[in-house]
J.: 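Encoded as structure tokens, here's the structure I'll be asking about.
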Amino acid sequence: MRTDTVLTDAIAERLARLGMECDRAEIRLERPQRLEHGDWSTNIALALAKRHGRRPRDLASQLASALEAEPIEYVEQVEVAGPGFVNFRLNAGWLHQVLREVVAGGEEGYAALDIGQGERLQIEFVSANPTGPMHVGNGWFGSYGDALARVMGRAGWKVQREYYVNDTGRQMRLLGESILARRRREAVPDEGYQGDYVAELAEQYDGPEDATEAGRFASSIILDDIRATLERINIHFDEWYSQASIEESGQVDETIELLREEGHVFEDGGAVWLRSTEFGDSRDRVLVRSNGEPTYLAGDLAYHRDKFLVRGFDRVIDVFGADHHGQVASLKAGVQALGVSPDRLEVRIGQLVSLVGARMSKRSGHYVPLSFLIDELGPDAARLVTLLSSIDQATTLDLDALTRESMENPVYYVQYAHARIASIGRVATERGIERGPVDATDLGLLVHPRELDLLRALVDLPRVVREAAVERAPFKVTNWARALAGAFHGFYHDCYVMGEDIEPPLTQARLWLVEATRIGLAIALGLLGVGAPEEM
RNA sequence: GCCCUCGUAGCUCAGUGGAUAGAGCACCGGCCUCCGGAGCCGGGUGCGCAGGUUCGAGUCCUGCCGGGGGCGCCA
């Protein structure tokens, strides 16, 4: 049984015996930031003090004595600290047990959770219009969405990655017109696309003087480029879902009809409106313009109806940039009007990324292409730039600093730890040292502070995966990986695995510690979608 | 004007009501006879401002100041 579960049981039992029964969920066990606060800590005495009209420290002392009265597995000392925390100090045995768990679980099984319970989850991200190459911002949300998909998958969701291809409507026509204008050696239309790639596409296009035709031609080439660029940073979509296919299949009309039947639609000024205010939107929205053309929202609702009611996803996460947050309320309202519970649709709004000296607008022609960033930093570092921080916070990328410091990117620090481990394996092979079975290994020899630090880091991975999944925050995995790598580098420096003064049994124990670390690093790097190299 | 979001160290960011607010970068010192120095060890007067809630606030509430975004029969 997990140590924190054992402790929670013990706390609940002692509290009940002291006449202060409480919900097990109220008992929160944490790993304190500071080692001097013990290996595990609970604030339950602080939480219960008021309810029972007691002073927190008194209650904590009473609980601590009750806990110390009978031995608990691995617990060496229980103490009251600060305003009323109860801290547990454990012997190294629990950490050795953790090492066995890591090794037993392996790359596949350790920190693989089932909190998603097999729920079918679709994550839609990037979905940039195929009207120009990927820019840094697309890569930003792409890395986030892909890492989130990996994390959710490990936490027990059945995940599908989707890219919504906006291959119809006004943008397509504008792209086509821009191509045609360039071919005629004329200026592109006011709101058209200016980049050099438009000229290149115009060179290649030898079809008829038809904007839709030219737009379709261009977008399919652009889409190939988008796909190739994303694959460079290890992003692969399961589905590229075409907006045109939704329109052509008649689903937009069907969706509007459905809404009409449910009485959520009215007509005004020749247009068809969705009564979205009834579902919390700040105003009603047009579905069909007075000229008979459906709006983007109508298509988007048909698309989401397809996700939930046709394809049957239990949950959908849309990753949008902050510049699209204005459409969230009407989308959620519409989905609700279609009879889908709104909490099944989750929209993650990522704050925009700004680059020092360059604004990233696709039409300006001054955006920074994602492929440029990948060329400069390499795929792993380019990908990890995103995964260093929450997307809830607007970030500024200093492109000069990034390229100047690319070797300082934390990804190398983590990968270097992995490469060092591989190197230990190579040296062991050269020296004819084999790792015996873990059950025949005396893990009790692992007592050096560096060794215990490493194990303490490994304990946290299941919790980190859970938090990263629940909070939709894959960057937490990055932070953990850095911490684990840090602990490993310290261990590597102070604790030789093989050497003249290292007794064979200690070598064995350390080889297993190294293997457990390798597993942890491989899991984390896999979740982040960056490589776990054997050499660098 | 209204709505959303964010202000934490020189810079980029962690910190989802708890203990002495932490990392990386940059800067200044140390450390290679042995598994890879892309490493290790040491060096810190910082939560935008003002109220409030709470035993306890960087975290929750209100107002103000500042940055970003959104408010179309555009997508």
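Note that the structure is predicted; figures quoted are calculated from it, not measured. Here is how names work: the chains are called A, B, and so on, in the same order as the sequence lines, proteins then strands, and each is numbered from 1.
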J.: Indicate yes or no: at least one non-hydrogen side-chain atom of A:Leu301 is less than 4.5 angstrom from one of A:Leu259.
T.: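 Yes, close enough: below the 4.5 Å cut-off.
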J.: What residue pairs, at least two apart or across chains, pass salt bridge (charged side-chain N to carboxylate O under 4.0 Å, His left out) with a residue in residues 418-434 of chain A?
T.: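 Residue pairs with at least one partner in residues 418-434 of chain A: A:Arg426-A:Glu535.
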J.: For A:Asp300 and B:G72, give me the distance from atom CG to atom P, rounded to whole Å.
T.: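 After rounding, the gap between these two atoms is 17 Å.
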J.: Just by distance, no angles: are the side chains of A:His304 and A:Asp318 close enough, under 3.5 Å, to form a donor-acceptor pair?
T.: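 A:His304 vs A:Asp318: donor-acceptor pair found between side chains.
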J.: Near A:Arg463 CZ, under 6.0 Å, is it more than 12 heavy atoms from other residues, nucleotides or ligands?
T.: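 Result for CZ/A:Arg463: enclosed.
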J.: Hey, what's the ring geometry for A:Tyr303 with A:Tyr164, parallel, tilted or perpendicular (30° and 60° as the breaks)?
T.: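 Rings of A:Tyr303 and A:Tyr164: parallel, as their planes differ by under 30°.
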J.: With rounding to whole Å, what would you report as the distance between B:U54 and B:A14 at their P atoms?
T.: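 About 31 Å, rounded to a whole number of Å.
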J.: Strictly below 4.0 Å, heavy-atom distances to any atom of RNA chain B: list the hits from residues 27-41 of chain A, or just say none.
T.: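 Hits under 4.0 Å, by residue number: A:Arg34, A:Glu36, A:His37, A:Ser41.
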J.: Under a 4.0 Å threshold between the charged nitrogen and the carboxylate oxygen, would A:Asp39 count as salt-bridged to A:Arg456?
T.: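 Yes, A:Arg456 and A:Asp39 are salt-bridged.
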J.: Mind telling me if B:C32 is syn or anti? Syn here is a glycosidic angle within 90° of 0.
T.: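 Chi for B:C32 falls in the syn range.
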J.: Show which side-chain atoms of residues 286-294 of chain A pair as donor or acceptor with protein atoms under 3.5 Å away, not counting sequence neighbours.
T.:
residue	atom	partner	partner atom	Å
A:Arg289	NH2	A:Pro294	O	3.1
A:Asn291	OD1	A:Glu293	N	2.9

J.: Which residues satisfy the side-chain hydrogen bond (donor to acceptor under 3.5 Å, both in side chains) test with A:Gln243, sequence neighbours excluded?
T.: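 Applying side-chain hydrogen bond (donor to acceptor under 3.5 Å, both in side chains) to A:Gln243 gives none.
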J.: So A:Asn43, base contact, sugar-phosphate only, or nothing? Heavy-atom distance under 4.0 Å.
T.: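 Answer is base: heavy atoms of A:Asn43 come under 4.0 Å of a base.
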J.: May I ask you to verify whether the side chain of A:Asn87 and the base of B:A19 hold a donor-acceptor pair under 3.5 Å?
T.: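 By the distance-only test, yes, there is a pair.
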J.: A:Pro130 versus A:Val165: any side-chain heavy-atom pair under 4.5 Å?
T.: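 The answer is yes, as the side chains (C-beta and beyond) meet within the 4.5 Å cut-off.
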J.: Figure out the CD/P separation between A:Gln327 and B:A75, and round it to whole Å.
T.: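 Rounded to the whole Å, the gap is 11 Å.
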J.: Polar atom pairs between nucleotides 1-3 of chain B and protein, under 3.5 Å, N or O only, would you list them?
T.:
none

J.: Touch check for A:Asp284, heavy atoms < 4.0 angstrom, all strands: base, sugar-phosphate only, or nothing?
T.: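 No contact.
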J.: Measure the distance from CG on A:Asp323 to C1' on B:C71 and round it to the nearest whole Å.
T.: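 One finds 14 Å between C1' of B:C71 and CG of A:Asp323, rounded.
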J.: Could you tell me whether the phosphate oxygens of B:C73, OP1 or OP2, come under 4.0 Å of any side-chain nitrogen or oxygen in A:Arg170?
T.: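 Result: no.
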J.: Can you list the residues that meet the side chain to side chain contact (heavy atoms under 4.5 Å, CB included) rule with A:His493, with sequence neighbours excluded?
T.: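 A:His493 satisfies side chain to side chain contact (heavy atoms under 4.5 Å, CB included) with no other residue.
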J.: How far does the C1' atom of B:G68 sit from the matching atom of B:G48, given to the nearest Å?
T.: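 It works out to 16 Å between them.
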J.: Return the residues of residues 460-478 of chain A meeting this criterion: a heavy atom under 4.0 Å from some atom of RNA chain B. Order them by number, or give none.
T.: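 Heavy-atom cutoff 4.0 Å gives A:Glu471, A:Phe475, A:Lys476.
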J.: Which comes earlier along RNA chain B counting from the 5' end, the contact point of A:Leu46 or that of A:His324, where each point is its nearest nucleotide?
T.: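 In this pair, the answer is A:Leu46.
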J.: I need a per-nucleotide contact map over nucleotides 32-40 of chain B, read 5' to 3'. Cutoff is protein heavy atoms under 4.0 Å; write B for the base, S for backbone only, - otherwise.
T.: --BBBSBBS
J.: So which pairs with a foot in residues 295-304 of chain A pass salt bridge (charged side-chain N to carboxylate O under 4.0 Å, His left out), sequence neighbours left out?
T.: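 Every pair satisfying salt bridge (charged side-chain N to carboxylate O under 4.0 Å, His left out) with a residue in residues 295-304 of chain A: there are none.
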J.: What is the distance, rounded to the nearest whole Å, between atom CZ of A:Arg482 and atom P of B:G22?
T.: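 Going from CZ in A:Arg482 over to P in B:G22 covers 17 Å.
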J.: Just checking A:Arg55: does its CZ atom have more than 12 heavy atoms from other residues, nucleotides or ligands closer to it than 6.0 angstrom?
T.: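 12 or below, so no.
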J.: Taking atom C1' in both B:U8 and B:G42, compute the distance separating them and give it to the nearest angstrom.
T.: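 One C1' to the other, the span is 25 Å.
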J.: Using the test side-chain hydrogen bond (donor to acceptor under 3.5 Å, both in side chains), find all partners of A:Asp281 that sit at least two apart in sequence or belong to another chain.
T.: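 Applying side-chain hydrogen bond (donor to acceptor under 3.5 Å, both in side chains) to A:Asp281 gives A:Ser276, A:Arg285.
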J.: Between B:G68 atom P and A:Phe320 atom CZ, what is the distance in whole Å?
T.: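 Answer to the nearest Å: 23 Å.
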J.: Can you tell me how far P in B:G67 sits from the matching atom in B:G24, rounded to whole Å?
T.: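 That atom pair is separated by 32 Å.
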J.: Could you give the CZ-to-C1' distance, from A:Arg285 to B:A75, as a whole number of Å?
T.: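 In whole Å, B:A75 C1' lies 14 Å from A:Arg285 CZ.
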J.: Taking only residues at least two apart or on different chains, which pairs with a member in residues 376-385 of chain A satisfy salt bridge (charged side-chain N to carboxylate O under 4.0 Å, His left out)?
T.: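 Qualifying pairs, neighbours excluded: A:Asp146-A:Arg383.
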J.: Using atom C1' of each nucleotide, how far apart are B:C49 and B:G56 to the nearest Å?
T.: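 Per the computed distance, 22 Å lies between those C1' atoms.
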J.: Rounding to a whole Å, what distance do you find between A:Arg283:CZ and B:C71:C1'?
T.: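 These atoms are roughly 9 Å apart.
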J.: When the P atoms of B:G63 and B:C2 are considered, how many whole Å apart are they?
T.: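 Roughly 11 Å separates the two P atoms.
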J.: For B:U62 versus B:A57, give the span between their C1' atoms, rounded off to a whole number of Å.
T.: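 One C1' to the other, the span is 15 Å.
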J.: Mind checking the P distance from B:G69 to B:A9? Whole angstroms is fine.
T.: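 Comparing P positions in B:G69 and B:A9 gives a spacing of 22 Å.
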J.: Let me check I have this right: for RNA chain B, each base becomes ., (, ), [, ] or |, based on Watson-Crick or G-U pairs with both distances under 3.5 Å. What is the full string?
T.: (((((((..((((....[...)))).(((((.......)))))....(((((..]....))))))))))))....
J.: Contact class for A:Gly269 vs. all strands (heavy atom < 4.0 Å): base, sugar-phosphate, or nothing?
T.: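 Answer is base: heavy atoms of A:Gly269 come under 4.0 Å of a base.
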J.: What is the separation between atom CG on A:Asp281 and atom P on B:C4, rounded to the nearest whole Å?
T.: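 Spelled out: CG on A:Asp281 to P on B:C4 is 14 Å.
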J.: Is it true that A:Arg28 and A:Glu26 have a side-chain N and a carboxylate O under 4.0 angstrom from each other?
T.: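 Judged by the 4.0 Å cut-off on N to carboxylate O distance, A:Arg28 and A:Glu26 do not form a salt bridge.
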J.: Give a yes-or-no answer on whether the side chains of A:Asn87 and A:Ser41 include a donor-acceptor pair shorter than 3.5 Å.
T.: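 A pair is found: one side chain offers a donor N or O, the other an acceptor, under 3.5 Å apart.
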J.: Map A:Tyr296 and A:Pro410 onto RNA chain B by nearest heavy atom, then report which one ends up closer to the 5' terminus.
T.: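 Mapping each residue to its closest nucleotide by heavy atoms, the 5'-most match is A:Pro410.
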J.: Less than 4.0 Å between a side-chain N and a carboxylate O, is that true for A:Asp284 and A:Arg275?
T.: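 Salt bridge between A:Arg275 and A:Asp284, a charged N being under 4.0 Å from a carboxylate O: no.
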J.: For the side chain of A:Ser290, starting at C-beta, report the closest nucleotide among B:A19, B:C73, B:A75.
T.: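 Selected nucleotide (nearest to the side chain): B:C73.
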J.: State whether A:Arg466 and A:Asp460 are salt-bridged, where the test is any N-O pair (Lys NZ or Arg NE/NH1/NH2 against Asp/Glu carboxylate O) under 4.0 Å.
T.: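 Looking at A:Arg466 and A:Asp460, the cut-off is not met.
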